[in-house]
Structures are given as C-alpha cells and as structure tokens.
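First the structure, in the form of structure tokens, and then the observations on it.
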Amino acid sequence: MQSVPIIAIDGPSGSGKGVITQMLATELGFHILDSGALYRLIGLAARKRGVDFDDETALATLARELDVQFIPTGDQQNPLRILLEGEDVSAEIRTDAAGVDASRVAPLGRVRAAIGELQRSFAVAPGLVADGRDMGTVVFTDAVVKIYLTASAQARAERRYNQLKDKDIGVSLHALFKSIQDRDERDMNREIAPLKPAEDAFVIDSTAMGIDEVFQTVRAIVQKALGEEKE
Ligand code: DC
C-alpha cells in the first residue's frame, strides 16, 4: 500500500479532465497537480527571459530553476493563483499563445526530466489528483487509480466553442476543431511521453456524457479503489 494515494487523470485537450480533477480533489480534500500549467509556465518564463525555443539545454535549466508558487484560493472556478518569480500569471498562462509555447517545450526530453521531481513533490498527504498527459504512464506509475478521459475531437471542439460563445469570444467551430486535431497529433505522436492510456487505466469516453455523469463514473471507480487500498 502506498502512503499517499495518487489519482492520475490523463487525456487530450478539452476532454474535461481539468474540471473532473477539481471536482474530485474538492470532494476528497486532496491536492491538485495541474501539470499542463507547468509546461505553460516554462514556455512563459522562456518568453519573458528571451530564451530560444530551440535551445533545449537553456530550456531545461530554466525548467529546473522554475520559481513557481501555487496558492489555493478556495474558489472552484479559479482554484489556484499561480505566481512565477512572484508575479501573478494565473490568467496569462491560459492564453492560446501560452498553450502553443507549452506544446513547443513539452516534447523536449530534458525539459520533461527537469520537472519530474517538482511534479512528484506534489504527492503529499492526504493525497493528490494529478492532471496531465503522462501522469499514469510516466510520472506516477504507482498511482492507485489511473483514469484516461477522452471524447471525440468534434465533441471537444463543440464544448470549447460553447464555453467561448458564452464569454462572447468570437471564434469558429471549424478553427477550434482544427486546433484540437493539431494538438492531439502533437501530443500523441511525440517520441517522449506520448499521450496514451496506461495499460492499467480506466478509459472513459465522454463523447455522449454530461459532466455530472462523467464525475459519477470517475467517483465510483476512485471510491472502490481507495476502499480496497485501506483493506
Ligand atoms: O493541459 P494543457 O493544455 O494545459 O497542456 C499544455 C501543454 O502541455 C500541452 O501541449 C500538452 C503539454 N503537457 C504535457 O506534455 N504533459 C503533461 N503532463 C501536461 C501537459
């Protein structure tokens, strides 16, 4: 039995894993690791310092020395304030440009290795819900539960479209679909830590499910596994 229970939630962009991670962590009182935010922070730090995106050595050094703080806010919509070198970058790392920069640094093996220890340091009592692409396959291979949450690219594009429409941000469904397909292509076909379900993951396809149904499904899996762990 492991001392700190870890729940790994992996999946492609727009699969809803961020929301499910938050709902689960709130219910269990566990910590959250948003590993995508780390790649976004490395991209942002590189931009701010003028580091060349082709210079893997410099990016790995920057990743190793990343001065970042995650401060819980208690607000479920925006659960964390994220500080980079003391500056609040919570909104800045969520922009599309930051996502593109993140996807440029994420395939680099030395960058990924540089934040291995930082990611594992989030595993403290009473437990951790870790959200990403390689949580169950690379970073937390000993996770007590591994979930792979997916949905068709069309469904994910439509969800994103509806979110943006509600915020009055004009964007076409087709452009979102294309961007999701491109991101899948990059995340799934890279050499190092490609996005795929761990062999022992529960795969949930949420294409035809609402968020509550997904949460109930995940919750049942997690409660069973945590119950078995205690026995
Ligand atoms: O989940 P997100 O959109 O915040 O992720 C940003 C980028 O980081 C995305 O291109 C994939 C990459 N990423 C990764 O390679 N490994 C992770 N564990 C999390 C994210």
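All values derive from a computational prediction rather than experimental measurement. Atom set for the values below is all heavy atoms of this structure, side chains included, hydrogens, waters and symmetry mates excluded. Residue numbers run from 1 in the order of the sequence given.
Here Lys178 pairs with Asp182 in a salt bridge; the nearest charged N to carboxylate O distance falls below 4.0 Å. Residues Glu87 and Lys48 are paired through a salt bridge, judged by an N-O separation under 4.0 Å between the basic side chain and the carboxylate. Salt bridge absent: Asp10 and Arg133 never bring a charged side-chain N and a carboxylate O closer than 4.0 Å.
A search for salt bridge (Lys or Arg N to Asp or Glu O under 4.0 Å) contacts involving Arg110 returns nothing, not counting sequence neighbours. When the side-chain hydrogen bond (donor to acceptor under 3.5 Å, both in side chains) test is applied to Asp212, no partner is found at least two apart in sequence or on another chain. Under the salt bridge (Lys or Arg N to Asp or Glu O under 4.0 Å) criterion, Asp34 pairs with Arg94, not counting sequence neighbours. For Gln216, the side-chain hydrogen bond (donor to acceptor under 3.5 Å, both in side chains) partners are Arg219, not counting sequence neighbours. With sequence neighbours left out, Lys196 forms a salt bridge (Lys or Arg N to Asp or Glu O under 4.0 Å) with no residue at all.
Between the side chains of Arg159 and Ser206, a donor-acceptor pair is found at a separation under 3.5 Å. Using modelled atom types and a 3.5 Å distance limit, the side chains of Gln181 and Glu185 yield no donor-acceptor pair.
Ring centroids of Tyr161 and Phe177 are separated by 6.0 Å or more, keeping the two rings apart.
Although no hydrogens or angles enter the test, the distance criterion places no donor-acceptor pair under 3.5 Å between the side chain of Ser15 and the main chain of Gly11. Side chain of Thr21 to backbone of Lys17: a donor-acceptor contact under 3.5 angstrom is found.
Pairs of residues two or more places apart, or lying in two chains, never qualify as side-chain hydrogen bond (donor to acceptor under 3.5 Å, both in side chains) while including a residue from residues 114-125.
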